[in-house]
Amino acid sequence: MQYDVIVIGSGPGGYVAAIRCAQLGLKTACIEKYSTFGGTCLNVGCIPSKALLDSSEHYFNAAHTFKTHGINLDNLSIDFSQMINRKNEVVAQTTGGISFLFKKNKITSYQGMGSFKDKNTIVIKKEDGTEETITGKNVIIATGSKPSSLPFLPVDKKRIITSTEALKLPEVPKHLVLIGGGVIGLELGSVYARLGAKVSVIEFMDSIIPTMDKSLGKELQKVLQKQGMEFYLGHKVTGATVAGEEVTVTFDTPKGEKKELKGDYCLVAVGRVAYTEALGLENIGITVEERGRKITVDEHLETSVKGVYAIGDVIRGAMLAHKAEDEGTFVAELIAGQKPHINYNLIPGVVYTWPEVASVGQTEEQLKEKGVKYKSGSFPFKASGRARASMDIDGFVKVLADATTDEILGMHMIGPRAADMIAEGVVAMEFRASAEDVTRMSHAHPTYTEAIREACLAATENRAIHI
């Protein structure tokens, strides 16, 4: 079979690229090595984790806040197997939706491992051992990533686990030892903390979510500690051993002292690494970067081999589903002869704890490092009428604007529905709005987004109304 475009991988980058190619009239094929479409995000990442986060949040509220709302419950309990079943149903519905979209857009799908024979020829190795060969004028590599591990800490997938196993545990842990204070670990850690587990976080850096604005990490740590999580920051894990149903994790303190924690599960969440194995890249002269195994691309996301592109987690930049989606659309439109656009500075980052954390643009630390003169305005949710009504008063919105032009350079928030609200910051910054521009926009009352307007007012000559 001959195609205009062959996409290897059906995660958020791959399936979006395939659909956009088909929309643009290109004969398109997509190869997926697993039995379901959607990649890590839909199967063992974004979607199932959000399903469990939502379920655990309902339970937490029922146990801790319903009484204040005048709702009394007796004999509250967790049916954890049903919680996992609901998560599985959400995953099945979502991945099934990709199958529908492929059929709707007349995309040919293949199941198996795709690898390069040459730059236009892909060999598909199927589960039954048979092979099929297809050719394409263009190939898009969208094979995503997998959890990283520590070389001195073997993952047995039973007691020492990754995020994949954490989504299908047979029980709520009694004590979950979490290695890594980044997005993935904190989201899954908060799921089990809400369900009653003791959660201990060991992080090598001196703050959690270290890639985001420092103020967000400080506030999130404070909130999660109130929810019962404990933190060991600036600590270096040195090993872990399993004895029966107990895991012992050893680590060094910032002063070099030896310590250990014992739990029934240890979740290793130290990032992700690009999945570029078995692609046959060596057959077409593509080499990967030693660290992270990422593929080098140019500004058009084209590799060193003409007609072969790479997107998503296998290339530079943040490992985010929506970044991969944007890149999938970008490459499809480029192949079709259009002139697409991506502003990497304005791809938001989100942590789906509760309260949620979201950020776009430059952090305060980055602006200081670059010597950019800026002004800052913030507004706490405890001063928001909508937040008080819903009992979601933790957190704040912070806006950073250019000291001279007032253009918004960064927006950072931790609070209720921050994951949705950050879109206002993205829109404003895409159109190079000033903080003053946002203050002139009407925001419905009472809403959480009023906090964005108030933060912009605070950044504009300290004009916030409600603090």
Side-chain angles (χ1 to χ4, degrees), residues 1-34 37-41 98 101-102 105-126 131-146 274-289 293-317 319 323-338 340 342:
M1 294 293 292
Q2 295 182 339
Y3 297 93
D4 295 315
V5 182
I6 298 172
V7 182
I8 306 177
S10 71
Y15 84 72
V16 167
I19 291 172
R20 187 66 184 121
C21 284
Q23 288 177 340
L24 292 165
L26 301 169
K27 186 178 180 182
T28 305
C30 185
I31 304 168
E32 173 54 56
K33 70 174 183 175
Y34 293 117
F37 297 122
T40 293
C41 177
I98 305 303
L101 291 171
F102 274 15
N105 289 281
K106 297 180 175 57
I107 296 165
T108 304
S109 59
Y110 295 89
Q111 185 192 348
M113 176 68 73
S115 63
F116 287 92
K117 183 177 180 181
D118 57 51
K119 76 183 191 73
N120 299 111
T121 308
I122 305 297
V123 178
I124 304 165
K125 296 180 181 179
K126 301 182 180 181
E131 294 184 355
E132 185 171 1
T133 300
I134 60 176
T135 60
K137 297 176 185 175
N138 301 278
V139 180
I140 303 173
I141 302 169
T143 45
S145 62
K146 61 182 180 179
Y275 188 86
T276 50
E277 300 137 40
L279 278 172
L281 297 178
E282 65 280 1
N283 295 335
I284 59 172
I286 292 179
T287 57
V288 298
E289 297 170 12
R293 295 204 290 273
K294 296 208 173 193
I295 298 171
T296 301
V297 293
D298 63 16
E299 68 274 15
H300 296 131
L301 306 186
E302 192 170 26
T303 69
S304 57
V305 179
K306 187 171 178 58
V308 178
Y309 301 84
I311 62 173
D313 288 2
V314 296
I315 66 169
R316 62 180 180 246
M319 290 180 165
K323 167 190 175 276
E325 289 183 3
D326 289 352
E327 290 174 337
T329 299
F330 178 94
V331 170
E333 293 177 352
L334 196 73
I335 291 171
Q338 298 184 6
I342 295 179

Hey, does [Y] have a side-chain heavy atom less than 4.5 Å from the side chain of [X]?
X	Y	result
Val16	Thr329	yes
Val139	Ile8	yes
Ile342	Glu327	yes
Phe37	Phe102	yes
Val5	Val7	yes
Ile6	Asn138	no
Thr133	Ile124	no
Leu281	Ile141	yes

Nearest 0.5 Å, please: how far is [atom2] in [Y] from [atom1] in [X]?
X	Y	atom1	atom2	answer
Thr135	Asp118	OG1	CG	9.0 Å
Ile295	Thr287	CD1	OG1	9.5 Å
Thr143	Ile31	OG1	CD1	11.0 Å
Met1	Thr108	CE	OG1	5.5 Å
Lys294	Glu289	NZ	CD	8.0 Å
Leu279	Ile286	CG	CD1	9.0 Å

### Query
Looking at residues at least two apart in the chain, or sitting in another chain, which of them share a ring-ring contact (aromatic ring centres under 6.0 Å, His included) with Phe116?
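Residues passing ring-ring contact (aromatic ring centres under 6.0 Å, His included) with Phe116: none at all.
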### Query
side-chain contact (heavy atoms from CB on, under 4.5 Å) with Ala324: which residues, sequence neighbours excluded?
none
Minimum-distance pair of heavy atoms, taken over all atoms of [X] and [Y]:
X	Y	answer
Leu24	Ala336	CD1-CB, 3.7 Å
Ala17	Ile140	CB-CD1, 4.1 Å
Cys30	Gly9	SG-O, 3.5 Å
Pro340	Glu333	CB-OE1, 3.4 Å
Lys119	Ile284	N-CG2, 3.3 Å
Cys21	Ala332	SG-CB, 3.5 Å

Do the side chain of [X] and the main chain of [Y] share a donor and acceptor less than 3.5 angstrom apart?
X	Y	value
Gln2	Gly136	no
Thr276	Arg293	yes
Asp298	His300	yes

#### Entry: Residue pairs passing the side-chain hydrogen bond (donor to acceptor under 3.5 Å, both in side chains) test where at least one lies in residues 304-316, sequence neighbours excluded
Ser145-Asp313
#### Entry: Pair listing, side-chain hydrogen bond (donor to acceptor under 3.5 Å, both in side chains) test, anchored in residues 21-34, at least two apart
Ser10-Glu32, Arg20-Gln23, Lys33-Tyr275
#### Entry: Which residues share a salt bridge (charged side-chain N to carboxylate O under 4.0 Å, His left out) with Asp326, sequence neighbours left out
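Salt bridge (charged side-chain N to carboxylate O under 4.0 Å, His left out) check on Asp326 returns nothing, list empty.
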### Query
Which of parallel (below 30°), tilted (30 to 60°) and perpendicular (above 60°) describes Tyr3 and Tyr110?
perpendicular
### Task
Would you check, one step at a time, whether the test side chain to side chain contact (heavy atoms under 4.5 Å, CB included) holds for Ile311 with Glu325?
CA-CA 9 Å; Ile311 62 173; Glu325 289 183 3; over 6 Å; no
#### Entry: side chain to side chain donor-acceptor pair (under 3.5 Å) partners of Lys126, counting only residues at least two apart
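With neighbours one apart ignored, the set is Glu132.
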### Query
When you check the gap from the basic side-chain N to the acidic O, do Lys146 and Glu277 get nearer than 4.0 Å?
yes
